[in-house]
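No experiment lies behind these values; they were computed from the predicted model shown. Keep in mind that the numbers below use all heavy atoms, side chains included, and drop hydrogens, waters and symmetry copies.
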Amino acid sequence: MSFIHSIKFRFTIWYLLVLAVLLTVLSAGVYFYLSRSLYRSQDASLELRSKEICSVPPVLESIWQGEFQEELGEIVMLYFYTGSQLVEVSPPGMNITLSREFIYQAINGRSSFTTIEATEGEGLRLLAVPIHLGVPGLPLSTQPGALIVGRSTEQIDQALHGLVRTLAIAVPLALAVAAGGGIFLAGRALKPVDEIARTAQEIEENDLSQRINVSTKDELGRLAATLNQMIGRLEKAFQRQKQFTSDASHELRAPLSVIEAESTLALQKERPSSDYRQSLETISQEARQMSSLIERLLTLARADAGKEQWNFREVNLGKLITDLSTDVEVLCQEKGLSFRLERTQDLVVKGDEARLRELVMNLLDNAIRYTPAPGTVSISLRGEGQMAVVAITDTGVGIPAEEIPFIFERFYRVDKSRSRINGGSGLGLAICRHIAEAHGGRIEVESQVGVGSTFSVWLPLQSP
Ligand code: ADP
């Protein structure tokens with residue numbers, strides 16, 4: 001990534017633009033404020049000087065006589081009428097032209113200021129005030145006149161030029177320092193981004209154990225922590241996936257090995273037909289188990305891919321349980337267990353009847369499988385608030401408390417060997433939980449080793 005396209009660069013450019021605008025506005029403000037106050041103070045001093053001159057008649061007289069000694073850089077002039085002619089009394093060698101309007105305004109009684117260019121580039125600030133030449137000793141004492149007092153603006157102009165020169169150096173310098181500082185600070189602040197990018201590049205599908213090493217408490221630190229959590233979740237998901245694949249192959253290999261061994265053994269020599277029948281029965285049973293396992297694997301794969309077709313409609317749970325009971329009773333009798341259909345109600349839920357049947361049947365299957373004769377398997381249905389609760393209870397082997405959190409995981413079995421011999425695949429409860437959750441419900445387990453287990457399925461009731 002080129003520097004020009006980096007956030008660091010864009011961030012610095014924007015920051016410099018804002019700073020440049022601010023500094024320019026500030027400099028202009030300082031310039032105008034200083035220039036206004038310098039001119040104002042010069043105007044005030046011109047006013048004071050004009051008052052001083054006007055209040056002392058001998059001074060006026062000396063101006064009139066051309067004997068007045070001006071201060072350094074000062075100009076004092078008199079204008080008045082003799083008859084209809086305007087007479088100008090100005091220091092010898094003075095060569096400036098004033099506008100008539102400026103003079104007449106003062107003669108007519110109104111003071112005013114003006115600025116003119118006296119010599120090349122040098123300004124002259126002038127104040128014209130009205131005077132009455134009612135001074136004894138002055139001729140034409142009744143005539144109104146104008147006193148002009150002026151001072152060079154050279155010092156003010158020099159001060160202002162000095163300010164402009166200083167600002168012209170200071171502002172770009174400040175911007176250059178700010179640019180350097182900006183790039184440095186932005187680089188420091190965005191350093192974790194490089195670290196995040198580097199770690200992300202290093203992470204491969206097979207090695208998700210890496211984590212981003214950013215421990216700041218700012219936004220980037222939070223981002224790194226969130227990404228680390230995400231990588232952690234991905235790692236777990238990949239591990240589950242790996243475990244699932246290895247478990248699935250293992251599960252499929254077991255019945256295949258039995259089929260292979262059984263057929264090899266049967267084919268080794270001529271045998272009586274009863275032996276062949278026995279072998280074929282074993283092979284058929286293993287094939288059925290494999291087919292049921294593959295069926296369940298497909299169910300879970302469809303669930304994972306979100307490609308299941310649900311056929312939701314009103315399902316009367318009471319009726320569904322009563323229907324199942326007949327078959328379950330037979331299965332229980334075959335195993336020497338007693339079956340009890342406890343109280344049921346006509347509770348209606350919104351669901352997929354076939355999948356709900358599968359859910360209840362799986363749990364009943366497990367209850368029968370893990371209950372030795374002479375035990376009891378029972379089922380009940382009750383309403384609790386807005387939920388219907390189907391409870392399947394057995395007096396079987398029970399589940400140790402420390403195993404309960406894992407029994408809904410795929411391929412998890414409490415007693416690995418016993419479960420396989422019983423025909424279990426380790427996928428039944430994972431499918432049950434999936435079906436319950438897809439209906440907005442859940443499954444709870446209460447169990448005690450040697451006493452029995454109760455699996456309760458909570459499903460939201462159809463709102464009236
Ligand atoms: P399986 O097909 O092996 O029964 P499940 O997913 O249905 O797989 O159950 C997972 C494990 O939970 C079983 O292997 C078994 O150890 C335990 N289990 C399930 N139901 C019961 C029950 N009613 N009584 C005792 N243990 C049970």
Side-chain angles (χ1 to χ4, degrees), residues 292 295-296 298-300 302-303 306-335 337-371 375-396 398-399 404 407-410 424-425 427-448 451-464:
S292 133
E295 189 57 44
R296 288 184 160 186
L298 280 175
T299 305
L300 286 171
R302 272 197 296 270
K307 285 196 178 141
E308 282 169 302
Q309 301 250 317
W310 296 93
N311 187 9
F312 278 94
R313 54 191 144 125
E314 285 182 7
V315 178
N316 185 332
L317 279 181
K319 190 170 170 307
L320 185 143
I321 289 170
T322 320
D323 287 354
L324 280 177
S325 298
T326 329
D327 295 343
V328 177
E329 200 158 10
V330 176
L331 290 173
C332 283
Q333 274 169 7
E334 276 175 9
K335 208 186 158 186
L337 303 173
S338 48
F339 175 70
R340 274 211 317 266
L341 171 61
E342 292 182 349
R343 63 200 163 102
T344 58
Q345 293 167 258
D346 273 346
L347 294 179
V348 177
V349 296
K350 189 143 190 146
D352 183 317
E353 188 167 353
R355 302 306 301 275
L356 287 176
R357 194 180 286 269
E358 185 186 348
L359 160 59
V360 178
M361 201 55 215
N362 270 349
L363 293 175
L364 283 166
D365 248 1
N366 276 353
I368 296 169
R369 186 176 304 147
Y370 299 106
T371 306
T376 308
V377 172
S378 55
I379 183 164
S380 72
L381 170 66
R382 65 179 195 276
E384 250 187 57
Q386 296 302 305
M387 306 293 270
V389 187
V390 183
I392 290 129
T393 306
D394 62 59
T395 56
I399 307 162
I404 287 181
I407 57 168
F408 291 95
E409 282 177 17
R410 296 170 186 190
S425 62
L427 294 175
L429 287 182
I431 292 175
C432 287
R433 182 169 67 176
H434 167 66
I435 298 174
E437 286 175 356
H439 283 80
R442 63 179 193 277
I443 303 186
E444 287 173 2
V445 192
E446 277 173 52
S447 188
Q448 216 179 324
V451 178
S453 320
T454 297
F455 283 77
S456 307
V457 183
W458 294 68
L459 295 167
L461 283 168
Q462 160 95 313
S463 31

If you take all heavy atoms of [X] and [Y], which pair is closest and at what distance?
X    : Y    : result
I443 : L359 : CD1-CD1, 4.0 Å
L427 : R296 : CD1-CB, 3.8 Å
I435 : W310 : CA-CH2, 4.3 Å
S453 : G398 : OG-CA, 3.6 Å
V315 : G351 : CG2-O, 3.4 Å
E308 : A303 : OE1-CA, 3.4 Å

Original post:
Can you tell me if CD on E446 sees more than 12 non-hydrogen neighbours from other groups inside 6.0 Å?
Top reply: no
Subject >> Q448, CD: over 12 other non-hydrogen atoms inside 6.0 angstrom >> reply: no
[atom1]-[atom2] distance between [X] and [Y], expressed to the nearest 0.5 angstrom:
X    : Y    : atom1 : atom2 : result
I392 : L364 : CD1   : CG    : 4.5 Å
L331 : I368 : CG    : CD1   : 5.0 Å
I379 : L324 : CD1   : CG    : 7.0 Å
E353 : D323 : CD    : CG    : 7.5 Å

Subject >> L356/L459 under side-chain contact (heavy atoms from CB on, under 4.5 Å): CA gap, chis, key distance, verdict >> reply: CA-CA 10 Å; L356 287 176; L459 295 167; 3.8 Å; yes
[X] (side chain) donor-acceptor with [Y] (main chain) under 3.5 angstrom:
X    : Y    : answer
K335 : R369 : yes
Q345 : G383 : yes
D394 : G452 : no
T395 : T376 : yes
H439 : D352 : yes

Under 4.5 Å between any side-chain heavy atoms of [X] and [Y], yes or no?
X    : Y    : result
T393 : E342 : no
F339 : V330 : no
V360 : V457 : no

**OP:** Starting from the C-alpha separation in whole Å, work towards a yes-or-no answer on side-chain contact (heavy atoms from CB on, under 4.5 Å) for L429 and N362.
**Re:** CA-CA 8 Å; L429 287 182; N362 270 349; over 6 Å; no
**OP:** Tell me, with the steps shown, if M361 and V328 meet side-chain contact (heavy atoms from CB on, under 4.5 Å).
**Re:** CA-CA 8 Å; M361 201 55 215; V328 177; 3.9 Å; yes
Original post:
Between K350, R313, E314, which is the residue that forms a side chain to side chain donor-acceptor pair (under 3.5 Å) with Q462?
Top reply: E314
Subject >> M387 vs R442, side-chain contact (heavy atoms from CB on, under 4.5 Å): CA-CA, chis, key distance, verdict >> reply: CA-CA 10 Å; M387 306 293 270; R442 63 179 193 277; 4.1 Å; yes
